[in-house]
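Numbers for residues simply follow the sequence, beginning at 1. Computed from heavy atoms alone, side chains included, the values below leave out hydrogens, waters and symmetry copies.
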Amino acid sequence: MGHLHEFDQAFIQAPEHRPKLALSHADRIPTIDLSPIFNHSLPGSDVPHDLVHQIASACTEWGFFLVVNHGVPPEKRHRIEAAAREFFGQSLEEKRKVRRSQGLVTGYFDTELTKNVRDWKEVFDFMVEDPTIVPASPESDDDELTQWTNKWPEYPPEFRSSHYPIILFNKLLYGELD
């Protein structure tokens with residue numbers, strides 16, 4: 001390696017779009033504490049607004065954040081991570097069997113662009129609500145609806161079942177479960 005011509009040119013940014021490297025000081029990665037959501041003994045608290053502000057600030061200033069006190073037990077997180085490693089460790093041909101497309105917004109995707117340059121990442125998008133009903137277009141006078149459904153891989157079978165804790169957690173978070 002070592003030579004740029006050995007890389008797929010889709011990953012190479014034009015010089016004018018490359019980041020300008022500068023030394024910066026960072027105290028620590030932003031940490032978002034979700035425990036106030038589960039603590040209903042805070043009368044008069046503006047917890048949702050405060051959390052939204054913290055998340056927006058972290059996204060704007062850092063682009064990412066660490067979530068703590070979310071209530072997902074370590075063993076469930078480990079199962080999700082193991083299933084994800086197994087799915088993403090498969091061949092490109094296998095992963096692309098559940099590829100996102102123009103009309104399908106869920107599934108595997110590996111050709112996202114930033115500033116017209118291909119990102120060095122793979123993603124697997126899924127919906128918490130399956131199916132999810134959404135407007136068919138962004139036009140305010142269009143009343144047509146469309147339905148999005150999850151597209152799960154056959155292998156590994158744990159990939160689908162390991163995501164149920166995330167789905168259930170989201171429903172609990174938004175008061176959709178008792």
Q.
Between Lys95 and Glu122, does any NZ, NE, NH1 or NH2 come within less than 4.0 Å of an OD or OE carboxylate oxygen?
A. yes

*Please assess Asp130 against Thr149 for the test side-chain hydrogen bond (donor to acceptor under 3.5 Å, both in side chains), listing each intermediate value before the final yes or no.*
CA-CA 5 Å; Asp130 192 14; Thr149 58; 4.9 Å; no

Report task. Taking Asn150 for its side chain and Met127 for its backbone only, find out whether a donor-acceptor pair lies under 3.5 Å. Result -> yes

Worksheet entry | Worked verdict on Asp119 versus Thr114 for side-chain hydrogen bond (donor to acceptor under 3.5 Å, both in side chains) | CA-CA 6 Å; Asp119 291 341; Thr114 301; 2.8 Å; yes

Q | Greater than 12 external heavy atoms within 6.0 Å of Glu154's CD | A | no

Here the gap from Phe159 atom CZ to Glu86 atom CD, rounded to the nearest 0.5 Å, amounts to 10.5 Å

What one should report as the nearest heavy-atom pair of Pro156 and Ala83 is CG-O, 3.9 Å

Quick check: does any side chain N or O of Arg79 sit under 3.5 Å from a backbone N or O of Pro74, one acting as donor and the other as acceptor? no

Q) In terms of the angle between their ring planes, are Trp152 and Phe126 parallel, tilted or perpendicular, with boundaries placed at 30° and 60°? A) tilted

side-chain hydrogen bond (donor to acceptor under 3.5 Å, both in side chains) filter on Gln54, not counting sequence neighbours, yields none

Note: with side-chain heavy atoms under 4.5 Å as the link, the other cluster members for Tyr155 come out as none

d(Gln90 CD, Lys97 NZ) to nearest 0.5 Å is 8.5 Å

message = Between Glu112 and Lys121, does any NZ, NE, NH1 or NH2 come within less than 4.0 Å of an OD or OE carboxylate oxygen?
response = yes

- Item | Geometric cation-pi criterion, Arg100 with Phe109: 6.0 Å, 45° | yes

